[in-house]
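From a predicted model like this one, the values you see are computed outputs, not experimental measurements. Residue numbers begin at 1 in each chain, while the letters A, B, ... track the order of the sequences. The figures that follow rest on heavy atoms only: side chains count, while hydrogens, waters and symmetry mates do not.
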2 protein chains.
Amino acid sequence: MPDDRWVPPTVLLAVDLVILTLRQSRLQVLLIQRGIEPYRGALALPGGFLSHDKEDLSAAAHRELSEEAGLGPDELHLEQLGFYGAPERDPRGRVVSAAYLAVAPRLPEPVPGTDASRACWMPVTQALAGESNLAFDHAEILTDGIHRAREKLERSALATAFCGPTFTISELQDVYEAVWGVTLDARNFYRKVQSVDGFIVAAGPTRKNVGGRPARLFRPGPRTILHPPMSRPQGPTSQEAT
Amino acid sequence: MPDDRWVPPTVLLAVDLVILTLRQSRLQVLLIQRGIEPYRGALALPGGFLSHDKEDLSAAAHRELSEEAGLGPDELHLEQLGFYGAPERDPRGRVVSAAYLAVAPRLPEPVPGTDASRACWMPVTQALAGESNLAFDHAEILTDGIHRAREKLERSALATAFCGPTFTISELQDVYEAVWGVTLDARNFYRKVQSVDGFIVAAGPTRKNVGGRPARLFRPGPRTILHPPMSRPQGPTSQEAT
DNA sequence: GGGCTTACTGTCAATATGACAGTAAGCCTA
DNA sequence: TAGGCTTACTGTCATATTGACAGTAAGCCC
């Protein structure tokens, strides 16, 4: 390590968020249309620089979450995703981005217009399709975020984070099908979900209404690790993790 | 986001490494005795600041790996672990650490003395035990690294990274037992490991010698994802991932 | 050749999974 | 109020995987 006169380089630290949710039975991500250069006008993940010297990274993530998506810290899953620090990823200089993955419950149609009303939900397939080029390396970050979500659905109770405080088993199955992009057998899904002790617990003898027979409601249970894991059929995605 | 006069704070970016290996059938980590303040004299994970403005993060990780452990980029697993950016984690100022997880094959007893001869291997249990207080938040980083390694052993072929270019099934079992801290049934292990197609492939009809019957040698196969995963018995560790 | 050590090969019961079909409970319409 | 429609569940059976356990094979040492 260098001795004394050496001054290590400084970098700008950004926090970017991959905010996923389920809308219309599709996995969607929150994107923002950039109002400033670079990539002005392009779509990007919500994010920004540290607001001040002493701001904690996860605090910054929550702040962005609130500012740009109007989402409070409750009823929301937030975890580290990774860091992205290629030297030329930002034309303004050396910017290293700390990426977080957030999963929000199904939200009402309109985007909360707290601050950035330029926010919009977009199906991830569309966001990653060639046309809507995301700014910076955000396509890569998004890809990693989706990959992470897919993996965690297998082994953790993350799926419940896509649902509201109570949900039906069908709704939960919807989550799995949308995120994994597969079709699951409802009967086996029922069996599996209920056999994992503590995954979901009955929420009152309550019911709910759509077309047919009322469904029982559940809440997320104490168990956060699924064992044995949910088995994912030949997903269209098979890659090695980061 | 702020408009013009606003200047986002800069941070110092460090790269820290959790380098794991197997020695004496125990999971060990490479630690360095710090030669400079802060935490002078304390044990710490190898790492350091970016060497220059344009250095890529993974390049910096490889550089540290080489400088502090004498490990080249070959035959070595390296992956992102996470970022650690609590405001007060480094007394010198705002330092954000990008942590990497490296897994090295079994190495000869002596520590490669390329640069920092103050490096030493230490069993992770000892490194995390109360006494040998690691500098900064390195205990947390190490804990996360171990957790990651344990998880990846289940679903990926990471275990082979602990072994040399060729290895026996027993040696591979050793890896699992040491990292997970459990005992596995050799017969079931044999069956499982060989039933996952492409996990390990025979390396010549070669053999090897210890006490008893010579063992067949294998090389890592093309398959990096294990499906179905290796099943880990009631490990002493059960936590939710980051 | 006997005894020791490590390497492997098999068997069987318990468990989890995948593939299907049938019943239950609402609402809507006639 | 009796279909008929829709969604919600409950069961069954063949198959795949796991966990538990015992026996054979192939070296070395004496």
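Going from atom CD of B:Glu154 over to atom C1' of D:dT18 covers 14 Å, rounded to whole Å. The separation between A:Leu172 atom CG and D:dA8 atom C1' is 15 Å, rounded to whole Å. Computed from coordinates, the B:Asp185 CG to C:dA13 C1' distance equals 15 Å when rounded to whole Å. The interatomic distance linking B:Arg216 (CZ) with C:dT6 (P) rounds to 18 Å, in whole Å. Distance B:His227 NE2 to D:dA16 P: 14 Å, rounded to the nearest Å. Rounded to an integer number of Å, the gap from B:Leu184 CG to D:dC21 P is 15 Å. Atoms CD (A:Gln173) and C1' (D:dT7) sit 12 Å apart, rounded to a whole Å. Note: OH (A:Tyr176) to P (C:dT17) measures 12 Å, nearest angstrom.
The aromatic rings of B:His138 and B:Phe136 lie tilted to each other, with the angle between the two planes from 30° to 60°.
Residues satisfying the side chain to side chain contact (heavy atoms under 4.5 Å, CB included) test with A:Arg63, not counting sequence neighbours, are A:Ser51, A:Glu55, A:Ala60, A:Glu67.
At a threshold of 4.5 Å between non-hydrogen side-chain atoms, the residues B:Pro228 and B:Lys192 count as touching.
Using a 4.0 Å cut-off, some side-chain N or O of A:Ser231 falls inside it from OP1 or OP2 of C:dG18.
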Test side chain to side chain contact (heavy atoms under 4.5 Å, CB included) on A:Leu20 and A:Val29; report intermediate values, then the result. CA-CA 5 Å; A:Leu20 299 178; A:Val29 61; 4.0 Å; yes
Test side chain to side chain contact (heavy atoms under 4.5 Å, CB included) on A:Gln28 and A:Gln126 and set out the steps. CA-CA 9 Å; A:Gln28 309 216 4; A:Gln126 188 179 338; over 6 Å; no
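At a threshold of 4.0 Å, the pair A:Arg155-B:Glu154 counts as salt-bridged, since one of the basic side-chain nitrogens sits closer than that to a carboxylate oxygen.
Near DNA chain C, defined here as any heavy-atom distance below 4.0 Å, the residues from residues 187-197 of chain A are A:Arg187, A:Asn188, A:Arg191, A:Lys192, listed numerically. Within residues 158-170 of chain B, the residues that place at least one heavy atom under 4.0 Å from DNA chain C are, in residue-number order, B:Ser170.
If you check D:dA25, C:dA25, C:dA16 against the side chain of B:Arg213, the one that comes closest is D:dA25.
Summarising the geometry, atom NE2 belonging to A:His227 is positioned 9.5 Å from atom CD1 belonging to A:Ile225; distances are rounded to the nearest 0.5 Å.
Side-chain contact of A:Asp144 with A:Tyr84: a donor-acceptor pair under 3.5 Å is present, judged by distance alone. Side-chain polar atoms of A:Glu64 and A:His62 form no donor-acceptor pair below 3.5 angstrom.
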